[in-house]
Amino acid sequence: MKQFSYVLTNENAMQIRPMSNLMREAARFSSKVRLINGAKTAALQEMRAVMGLDMQCGSKVTVTVEGKDEEAAVAAIQSFFVDNM
């Protein structure tokens, strides 16, 4: 399992379009991707659960990736966060 933490800096990051793009990025890989915000956790494939994490600009989130292609998935998802979130 690989993981990284990131502080959200984009006020618009939690809108539907950026979140959909993030989910699409994660879907390119077979690994399971989860987002953690405080005590709440959600699978990145479940939009409703992700939106229920109550993430806001300034929130520190942790992304965990587990699976066969976790190295590539972490690199791509982390890059997405830096560029868009």
Side-chain angles (χ1 to χ4, degrees):
M1 178 174 73
K2 301 288 183 186
Q3 70 178 32
F4 68 92
S5 294
Y6 187 81
V7 176
L8 299 175
T9 57
N10 183 345
E11 291 181 14
N12 298 320
M14 292 312 303
Q15 292 181 358
I16 297 295
R17 184 168 295 192
M19 290 309 299
S20 294
N21 291 338
L22 175 60
M23 294 173 76
R24 193 172 302 117
E25 182 69 20
R28 295 185 323 122
F29 303 95
S30 63
S31 295
K32 293 181 183 180
V33 182
R34 300 189 70 73
L35 287 177
I36 303 166
N37 184 33
K40 296 181 179 181
T41 302
L44 195 53
Q45 296 83 355
E46 302 171 15
M47 176 66 86
R48 223 175 245 177
V50 170
M51 298 308 276
L53 291 176
D54 299 325
M55 295 182 289
Q56 302 172 12
C57 187
S59 294
K60 181 180 180 182
V61 297
T62 301
V63 178
T64 63
V65 182
E66 186 173 0
K68 293 178 182 179
D69 56 358
E70 63 189 26
E71 293 283 341
V74 160
I77 293 167
Q78 192 167 21
S79 178
F80 183 91
F81 266 83
V82 169
D83 293 344
N84 300 287
M85 306 298 264

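In this structure, Ile77 and Leu22 have side chains that are in contact, with non-hydrogen atoms separated by less than 4.5 Å. Side-chain contact between Val65 and Phe29 is absent, with no heavy-atom pair separated by less than 4.5 Å. For the pair Leu35 and Val50, the minimum side-chain heavy-atom distance is below 4.5 Å.
Put simply, Phe4 and Met85 are part of the same group of oily side chains (I, L, V, M, F, W, Y) that touch within less than 4.5 Å, one to the next. Both Met14 and Leu53 sit in one connected hydrophobic cluster of ILVMFWY residues. Membership requires side-chain heavy atoms under 4.5 Å apart, directly or through other members. The hydrophobic cluster containing Val63 also contains Phe80, counting ILVMFWY residues as joined when their side-chain heavy atoms lie under 4.5 angstrom apart, directly or transitively. A continuous path of hydrophobic side-chain contacts links Met23 to Met51 [ILVMFWY only; heavy atoms under 4.5 Å]. The cluster map of Ile, Leu, Val, Met, Phe, Trp and Tyr, joined by side-chain heavy atoms under 4.5 Å apart, puts Leu44 and Val7 in different clusters.
The side chain to side chain contact (heavy atoms under 4.5 Å, CB included) search around Gln45 returns Ala43, not counting sequence neighbours. Looking at residues two or more places apart in sequence or on another chain, you find no side-chain hydrogen bond (donor to acceptor under 3.5 Å, both in side chains) involving Glu70. In this view, Thr64 satisfies the side-chain hydrogen bond (donor to acceptor under 3.5 Å, both in side chains) rule with no residue, not counting sequence neighbours.
Interatomic distance, Gln56 CD to Glu11 CD, rounded to the nearest 0.5 Å: 10.5 Å. To the nearest 0.5 Å, atom CG of residue Asn37 and atom CG of residue Leu8 are 7.5 Å apart. Between Thr9 atom OG1 and Phe81 atom CZ the span is 10.5 Å, to the nearest 0.5 Å.
Of all heavy-atom pairs between Thr62 and Ser5, the closest is OG1-OG, 3.2 Å. Nearest approach of Asn12 to Pro18, heavy atoms of both residues: O-CG, 3.3 Å. Ile16 and Met47 get closest at one heavy-atom pair: O-CE, 4.2 Å. Of all the heavy atoms in Ala76 and Arg28, the pair that sits closest is CB-NH2, 3.8 Å.
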